[in-house]
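Chain letters run A, B, ... following the sequence lines, proteins first and then strands; every chain starts at 1. Given the structure is predicted, the values throughout are model-derived calculations rather than measurements.
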There are 2 protein chains.
Amino acid sequence: MRYVWDFDQPSEGGKALLGGKGAGLAEMTQIGMPVCGGFTVSTDACRAYMREGKVPTGLDKEVDEAIVRLEKKSGKKFGDLKDPLLVSVRSGAAVSMPGMMDTILNLGLNDAAAAGLAETTGNSRFAYDCYRRLVQMYGEVVDGIEPNLFEDALTGMKKKRGVKNDAELNANDLKELADTFIAIYEKERGRKFPQDPREQLMHSVEAVFDSWETPRARVYRDHAGIPHDLGTAVNVCQMVFGNRGDNCGTGVCFTRNPSTGEQGLYGEFLLNAQGEDVVAGIRTPQPLEQMEKPFPQAFKELVESMKTLEQYYHDMQDMEFTVDEGKLYLLQTRSAKRTGSAALRAAVSMVEEGLIDKEEAVKRINPDQLNQLLHPMIDPKAKIEVAAKGLNASPGAASGKAIFDADTAAELGKTEDIILIRPETTPDDIHGMLESKGVLTTRGGMTSHASVVARGLGIPCVAGCEALVLDLDAKKASLNGKTISEGEIITIDGGNGSVIIGAVPLVPPSINDDFRVILEWADSFRRLGVRANGDTPDDAAKAREFGAEGIGLCRTEHMFMAVERLPVVQKMILATTTVDRQKELDKLLPMQQSDFEGIFEAMEGLPIVVRLLDPPLHEFLPKLEETDDPVIRERIIALHEFNPMLGTRGSRLGILYPEIYEMQVRAIVRASKAVEKRTGKRPEAEIMHPLIGFAEELKRMRELTEKVIAEEEAGEFPIGTMIELPRACVCADEIAEYADFFSFGTNDLTQTTMGISRDDAEGKFLTKYIEDGVIAQNPFASLDQDGVGDLMKLGLERGRSVKENLTTGICGEHGGDPVSVTFCHNIGLDYVSCSPFRVPLARLAAAQAALNEAANTAAGLSLREAQAMTHE
Amino acid sequence: MRYVWDFDQPSEGGKALLGGKGAGLAEMTQIGMPVCGGFTVSTDACRAYMREGKVPTGLDKEVDEAIVRLEKKSGKKFGDLKDPLLVSVRSGAAVSMPGMMDTILNLGLNDAAAAGLAETTGNSRFAYDCYRRLVQMYGEVVDGIEPNLFEDALTGMKKKRGVKNDAELNANDLKELADTFIAIYEKERGRKFPQDPREQLMHSVEAVFDSWETPRARVYRDHAGIPHDLGTAVNVCQMVFGNRGDNCGTGVCFTRNPSTGEQGLYGEFLLNAQGEDVVAGIRTPQPLEQMEKPFPQAFKELVESMKTLEQYYHDMQDMEFTVDEGKLYLLQTRSAKRTGSAALRAAVSMVEEGLIDKEEAVKRINPDQLNQLLHPMIDPKAKIEVAAKGLNASPGAASGKAIFDADTAAELGKTEDIILIRPETTPDDIHGMLESKGVLTTRGGMTSHASVVARGLGIPCVAGCEALVLDLDAKKASLNGKTISEGEIITIDGGNGSVIIGAVPLVPPSINDDFRVILEWADSFRRLGVRANGDTPDDAAKAREFGAEGIGLCRTEHMFMAVERLPVVQKMILATTTVDRQKELDKLLPMQQSDFEGIFEAMEGLPIVVRLLDPPLHEFLPKLEETDDPVIRERIIALHEFNPMLGTRGSRLGILYPEIYEMQVRAIVRASKAVEKRTGKRPEAEIMHPLIGFAEELKRMRELTEKVIAEEEAGEFPIGTMIELPRACVCADEIAEYADFFSFGTNDLTQTTMGISRDDAEGKFLTKYIEDGVIAQNPFASLDQDGVGDLMKLGLERGRSVKENLTTGICGEHGGDPVSVTFCHNIGLDYVSCSPFRVPLARLAAAQAALNEAANTAAGLSLREAQAMTHE
C-alpha cells in the first residue's frame, strides 16, 4: 500500500484519501497554480497507525523519498546547515474538524541550521524567530509540554527588555529566547531537542495521527456524527516567508467584491510581513493594486490565478498568498464569504458570464442571508453604541420614539415613528403594535406573542431584553444606568438584538433586480408551493408582492380584537343564553364579512385558507384585576384555565358554541358571493378547523359548515383541518375522511409533542437547553425533524392512505425556515405557508430542496443518506 | 335454499343463521326444556329480501308448512274460529341491536276468532284485550300508523269509564276499544284490518325485514361497527298466557341468589298474571316456593329446568316463565346479573361443583364490580336521603364531621372522623387529606387533584359537586337551601357521587375467602405483572396486602410537602446560589433517606421504582397573594408559568438544578445501603427520571445518577425513565440507549397527545364531549387506545428495537382500569402499576386478558379480530 502522495501526483483518492486540505493543495498544484511544493501522508497511513499502534512499515521510507523529491524541486536540502529546506506539518481530515492538531512550522531547523540560516539570509532575527517558534510548537504539540512555560519565558523576556510586542524583540533577544526554550524542552522532557530534521518530521506526523484521538476531537465527532475510524491525513509543505525582506510580502484577495458581488480587484497587501501581521492589524495594509509596482510579475500571476481559480471552482474565491523573494505562492483558496446582495450579484453575473448555470446560481444563495435584504438595516457605515442586547426576534432595524403603552402607540404611531416598549405583549396590544415601527420587550422569547406578531407584521422586534428595567407608571425605563423617557428616540436592530439609544441612519430594504431574477429562476425549479400567513388585505397585498401563491393561514381572531369590535365580542362571550349570544354574533357577521371581502379581493385568483376562531375566549376578556363588574368577573373566573394552551380552544369552541362558527362560516360564504358578484370571479376560499384531535369533532364541524353553505346556496368550499395535536397525526386516517386538506400547525404540534409551552420555556429552560447543548436548536425556530417531523410523516402517510388527493401544507412558523422548508419538500407536502416577509426565502429554499433532491436522485442516494451528507 | 327452521330442528347455522334469540330458543328446545313451539325465518331470507326487494320465492310455502307443523304440535289451528293458534313475531339479529322492530303478539286473531276465543275460554275480557293489542301493534309496526292515535283512544276510554289503569277496563270496554282501533286502522290505511291470519303473519315477517333498514338501526350499526348486510332473523312462537285464569301464572327466578351467590331457590311468582304485571309492581308477587302448592308439576319441572340450564350454560341463569293452564313454559333464560360478592361466591362454588373450571371462573368476574368490595359501602338496607350528587371520583363511603380547611382537618382528623370539603384541593392540602375519611369538592373532575390523591389514598371522594356553595370564611356551606356548618356530620358515597346530610350506617370492605381464591387463580393465569403506586410505608404495606408485586411509582414530591419540611423546601427554592441551595438540600437529605428506608423495608424482596422530583417548583411556594415578602414574591413571579403542565418540571428541573436530583439519588442510595445493613437484604430500588423528551436529557441524568451512585460506592441500580411525552414515544429508540426501563406515564401522555389539560377540561368541555358522544369515554379514566395507545405501541416497538430486554410498564391511572389493563397485556408491557386499592382488579383483568388471548389464539383469531368481537 502506498501512503504518500506529492501534491503534483494525481491520486484519484480525493478527500477521503488526502483529507480536505491535502486534496485542495493537490488540486491547485495540478491545475498549475503557484503552490509551494509538498506532499500528503494519506489517511490510509493514519488508519494503519491506529490499527497497529505504530507507524506502518514503509512509511518512513516513503516520507524520505518524498523529501528527496521536494529537495529536488526546491533546490534546497532538508537539514542543510546553510540554507535548509524548511517544512510545515498540518493535519487535514476529510471533514473539517476543530479540536485536532493544527500546525507545526519551520521543521528542519536545529542549532546549527538556525545559525546557518541567519548567515545565509543575513537576517539573524528572522532565523532565530523561526527557531524559537519551532521549539515552542514542537515542544507543545509533539511532546505535550505545558504552553505556559514557553509563554512565561517570552513574557519575561519582553519585561526584561521593557517592550510590549514580540516584534520589538531583536535578534539577540530571540536567540536567547530560543536557547531558553530549548532549555525548557530539555528540562521537561529529560532529553535534548531533536537536532535531526528527519526525526522532527516523523514525530510530527505521529503527533498529527495522535491528535485524531484527543478527547476534544472525539467529542466533536460524536456530536457531528463523524465516524471515529476515518483518520486524518498529514500535509507536509515547503515553508515560504513573506517577512524576510523587502522583496517579500503577504496578502489576501477576493475574486469579486464580497460586499457587492461586483467584479474587480479586491484585496489587501503588506510588504515584508507574515499573514499574522495582516490579521493582527499592527500595520495598515495597502490596497491590492499597489502590489503591482514592487512585484509586477507576482501581481500578474496573482490576477491570472484569481481568474483561473474562479473558473475552476465556479465560485468566488477568498485567497491567501505570500511573495517570497519576488515569487508568488498561493497558500490557500476557498469559497468567499459574502453579503446577501453580493451573493445575488455574483450568482446572477456568473450565469451571465456562462460560469455557472441557473440551477447552480439558485443553489448557491443562502436563504438566511437574504433575510437582511428584506428589512431596513442599520447603515453598515454608521458608528453605533449598543446599549443592550436582547433576542433577535424579528429582523430589520427601526428608530422611533419610545412609547410604553399600546394606546399611546396606536394614537401617536399614526403620525410619528414610534417603538413600543412593553414587558411583553398580549392580544390587547395589537392596535398599538400595528402602528409601531418596532417592538422591544423585556420578557419572552423567539416565539413570544411580541415576536410572532412582529414577524407577522414584518416589523423589527427585540424580545427578552432583560437589562431593560421598566417603570410603566412613570412611563420610563432604565438601561444600564441610563434613563429612557417617553418620547425619547431609540433604535432597535431585530436582526442581531441590539438596542441603541438615539437615532441611527438606516438603509432601506431592496428586492433588487438580482434578487428578482434569482427568485424567478427558483420558481422554475421548485415543486413545493409557497403561501403566506396573513389576516388583512394589507398582509394579502404584501404576500402577493413577495410572490406568495395564496394565503395558507388567515387567522380570524385578530379581527375580533379591533377596538370597535372587542366590546361586541365581549358581550357575545358574556351572553348566558344562545339567543343573547346570537344577537351579538349578528352584529359581528357583517364586520367579519367585510374583512373577508377585502382579503378575497386582494388575493384574486389565489387560494385563501381561513381558519375559524382558535384562542380560548378568556383572551378576549379583560384581566380579572381590571374590572369590578361582578358579572364579568364571574365569567372570567369561570373561563380561567390552568393550562390555556391545552384548554377550551380551537374546534372545541365550535362544538360548545356552534353559533360562533356558524357566524364565521356564513361571513366567509357571503363574502365569497359578494366578491364574485362584484368582480365576476369566485374567490378560492377554503375553510379550516383548528385543533382537531378526534375525527368526530371534524365530522360535526364539517356538517355544521356544509349546513351553513347549503343555507346560503353557495356551492362548494374545500373544508379542512389543522393537524396540530399528536393525536391528530396518529389518527390522521380517521380524520382525513372528513378533510379536503391538512395544514400542519407546527407551532402547537411542537408544544404538545415536546410538552413545552413556548411562552414559558423560551428565556427559561429552553434557552438554557440550547446554551448547554442539550438540544441543538430552538425547535420553535427550526422544526424538530426527529420528533415532530416524524409525527408529521406519520400523519401524512395515514391521511393519504385513505385520501390520495388530500392537499397538505404547513402553516406554523417553520414554513419560513429554510431547513424546515427542505424537510417539508422531502416528506412531500404540497405547500408551506409563512409570514409574507419570509416568502422569498421559502421560495428559494423550496427550489434548493428540489434541486438537491434531483442531484441526490442522480447520484443514487437515498433521502436518508443525502441528509446525513448535508449534516456533515 | 331453506329459509325456515323449527325450534326443534338442528340447523348448525347458529346465531349467524337464526339470530341470537332464535338460536337460544332452538337450543333450549333441543335440550328438552319446556319451550313453546315455534320456528325461525332465517337471516338468509332477510338477505334475499334485501337483495331482491321482495319476499324470496318459496318462503311463504315454507312458513305455511311450519305453521302446519306447529298446529300439529299445539293441537290448535291457525285461524281457527273457536280456539285459534295464536303466535308472536319477534325480530332477532345475530348481534343484539336496539332500534329494530320488537314484537307483535296475538297474531292469528280476527273479528270472528276473537269472539270464538271469548266463548271457548269463557273469558271475554281476555279475548278482546288480546285483540285490541294485536290491532294496535300490527297497525303501528306493520302499517306505520301513528301510535298516538291508539293511545288517545285508550286514554279517552279510561276517562269515559272514570278509571286510571287499563286493568280496570272490563270486557265490554275492551271490545269497544278493539272496534275503535279497527276503525282507526281502516281510516288511516283506507282498507280493512286483515282478517286472514296468514296475511297477518307474512306482513309481519316483512315488517321485521324492513325494520333492519330503519335509520335508527343503521345509525346504531354504524356506531357499533356491525355490517349492514347481515340481516335479521324472525322468530314465530306459539302464544301462551299466564293471565287467563287461576290455573295460570307467571314468574321470574334465579338459579342462585343474585345478592350472595348462594345456591337455593330464588324467585317470585304471581298467580293469573302476565309478565308485565310482575314488572309493573301493581300486585305483590309471592316467593317462588309458594308456587309448588298450586302447580306441583310445573314447579317440579321448573326446578329441574333451572338445574339443567345452569348445567348447560355453566352459569347462573335468570329465567322468565309462564304457567298456562297448569303447564310450564320457559319464555327466556339468560346469564343472571349479580353483585360482586355473588359473582365471586357463584364462581368459586361452581368450580367446587365441577360445573366450570378455574379459568372460566376467573374470566367470569367483572373487575369493575369488585371495586365496591374494596371499600366501605353504605348499608344497602339503610334508608337515605341524597342531598346532592357530584362525580363518583373515588369509591367507598364515609361519614364524618364537615371541615373546610386542610389545617383543621389535619389536626382534628387525628382524633375524629372528618370529611374535608374544599372548592378543589392542591398539594397544600395533602396533610389535611391524609387525616380525612373522605373528600368532597365543588369543582374538578375525575382526575382533578382531589380525585387522584383520594384514589391513591383509598379514601372516598365526591368531586365537582356544583350544588354545594361554599363560604370558606364562615366555614360553612349551603346545599340546596340547607346549611352545613363546620363539625356537622355528613356522609359521602364516592361510588355513586352521593352527598348525604347526617350519618348513615356503613358496611366494611371485605376481601373474603372467595375473593382471595379467585385472585390466587387469577395470579396463576396472568403474564402481566401488577405493581402499585405508593409514596409511603403505609401505601407499601397496603400494596403488599392487596397482592402488588412491587411499587411501580413512588413519587417523591409528597415527601416535600410534609409540614416540617416545606419551610426547608421553600428556602431551597428561594436560594439564589447553588451553595445556599445545597445547604437546604443537605437538611432534606436525611429526611428523604428515612422516607425511602421505610418504603424499602416494607417492600422487602420486591422492586420499588422511585421517581425523582416532578412538579414545577412554584407548587411548593405560597400563592402570590398569600405573602408580602418581596423576595418570595419576586421568586413566585419569576417561577410563574402560563402553562405549568408544559413548563419547567420533571427532568428539566434535574438539568437546571442538578443538585436537587443529586440529593434525591443520594437519599435513595444511602437508604438502600442502610436497609441492607439492617436487614441483610438489598432493596430492589430503581431510579426513574420524569418527563424525558430528548435522549440527551436522559443521558445527562443517567450520568448524574451514576456519578452519585459511584460516589456512594453502592453497586448498581436500574435507571429508567417515564415515557409521558409524544416525543418520547417517537424517539424511544434514542432514549432507550440510556434506559434500563420505560414506564408509560399515561396521565401526562394523554394530556399532551390530545392537547387536553385534565384540570381544565373535566367538568368543562370534556364532560360535554362525553355527554354529546363526541368521544365515547373519559380518556383519563380509560386509555384512548387509538391515539395514546398507538403512540405507546410505537414507543414500545422503537424502544425494544435497540434494547430487547427493556423492562416496560405503565404507571398512569389507567394501570387500574380493567380495559386498559387488557390493552397493556395485548401490546406486551411487562407490568401495570396502579393505586393499591385497584391492585386486585388489575390482577383479575390481567388474568382475563391472558385467558382471552389464549382462547383467541386457539381460535386462530388475530388480536384485531378478537378486539372487534369484544367490541360487539
Side-chain angles (χ1 to χ4, degrees), chain A residues 616 638-650 652-653 655-656 691 693-697 699-700 724-731 733-734 748-761 764-766 768-769 772-776 779 784 786-791 794 798, chain B residues 616 638-650 652-653 655-656 691 693-697 699-700 724-731 733-734 748-761 764-766 768-769 772-776 779 784 786-791 794 798:
Chain A
L639 287 174
H640 170 264
E641 296 182 315
F642 296 105
N643 295 288
M645 168 70 208
L646 308 177
T648 306
R649 44 173 294 241
R652 294 162 193 175
L653 293 172
I655 302 255
L656 292 190
L691 207 74
F694 303 91
E696 181 68 21
E697 289 173 316
K699 177 168 181 273
R700 295 184 183 207
E724 51 188 338
L725 292 173
R727 194 181 194 281
C729 295
V730 173
C731 300
D733 43 354
E734 296 167 17
D748 282 4
L749 189 58
T750 301
Q751 298 196 75
T752 46
T753 302
M754 298 191 169
I756 293 178
S757 161
R758 65 187 194 191
D759 287 333
D760 297 313
K764 291 185 180 171
F765 79 86
L766 195 61
K768 170 97 171 146
Y769 266 35
D772 286 3
V774 179
I775 56 178
D784 162 44
D786 290 350
V788 178
D790 207 57
L791 273 178
L794 189 73
R798 295 193 174 175
Chain B
L639 288 176
H640 170 261
E641 294 181 315
F642 295 104
N643 295 288
M645 167 71 208
L646 309 174
T648 305
R649 43 173 293 239
R652 296 163 191 175
L653 293 171
I655 303 257
L656 293 188
L691 207 76
F694 304 92
E696 181 67 22
E697 290 173 316
K699 176 169 182 273
R700 293 183 186 206
E724 50 187 337
L725 293 173
R727 194 181 195 282
C729 294
V730 173
C731 300
D733 43 354
E734 296 167 16
D748 282 4
L749 188 59
T750 300
Q751 298 196 77
T752 46
T753 301
M754 299 193 167
I756 292 179
S757 160
R758 62 184 195 195
D759 287 334
D760 296 313
K764 292 186 180 171
F765 80 85
L766 195 60
K768 171 101 171 139
Y769 267 35
D772 286 2
V774 178
I775 55 177
D784 162 45
D786 289 350
V788 177
D790 207 57
L791 274 177
L794 190 74
R798 295 193 173 173

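If you tally non-hydrogen atom pairs under 4.5 Å between each of Arg700(B), Arg649(B), Glu696(B), His640(B) and chain A, the highest count goes to Arg700(B). Comparing Glu724(B), Gln751(B), Arg798(B) by how many heavy-atom pairs each has under 4.5 Å with chain A, the most go to Arg798(B). Interface remark: of the candidates Leu794(B), Val788(B), Asp790(B), Asp790(B) forms the most heavy-atom pairs closer than 4.5 Å to chain A. Ranked by heavy-atom pairs shorter than 4.5 Å toward chain A, the options Leu691(B), Asp772(B), Asp748(B) are led by Asp772(B). Highest contact tally toward chain A, considering only Thr753(B), Thr648(B), Ile655(B), is held by Thr753(B) [criterion: heavy-atom pairs under 4.5 Å].
Heavy atoms of Ala638(B) lying under 4.5 Å from chain A belong exclusively to its backbone. Contact annotation for Leu725(B): both backbone and side-chain heavy atoms come within less than 4.5 Å of a heavy atom of chain A.
Checked against ring-ring contact (aromatic ring centres under 6.0 Å, His included), Phe694(B) has no partners two or more places apart in sequence or in another chain. Every side chain to side chain contact (heavy atoms under 4.5 Å, CB included) that Asp786(A) has, sequence neighbours left out, goes to Asp784(A), Arg727(B), Cys731(B), Glu734(B).
Here Ile756(B) contributes atom CD1 and Thr752(A) contributes atom OG1; the two are 11.5 Å apart, rounded to the nearest 0.5 Å.
Leu646(A) places a side-chain heavy atom less than 4.5 Å from the side chain of Leu646(B).
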Carefully, step by step, assess Glu697(B) and Tyr769(A) under the rule side-chain hydrogen bond (donor to acceptor under 3.5 Å, both in side chains). CA-CA 9 Å; Glu697(B) 290 173 316; Tyr769(A) 266 35; 2.5 Å; yes

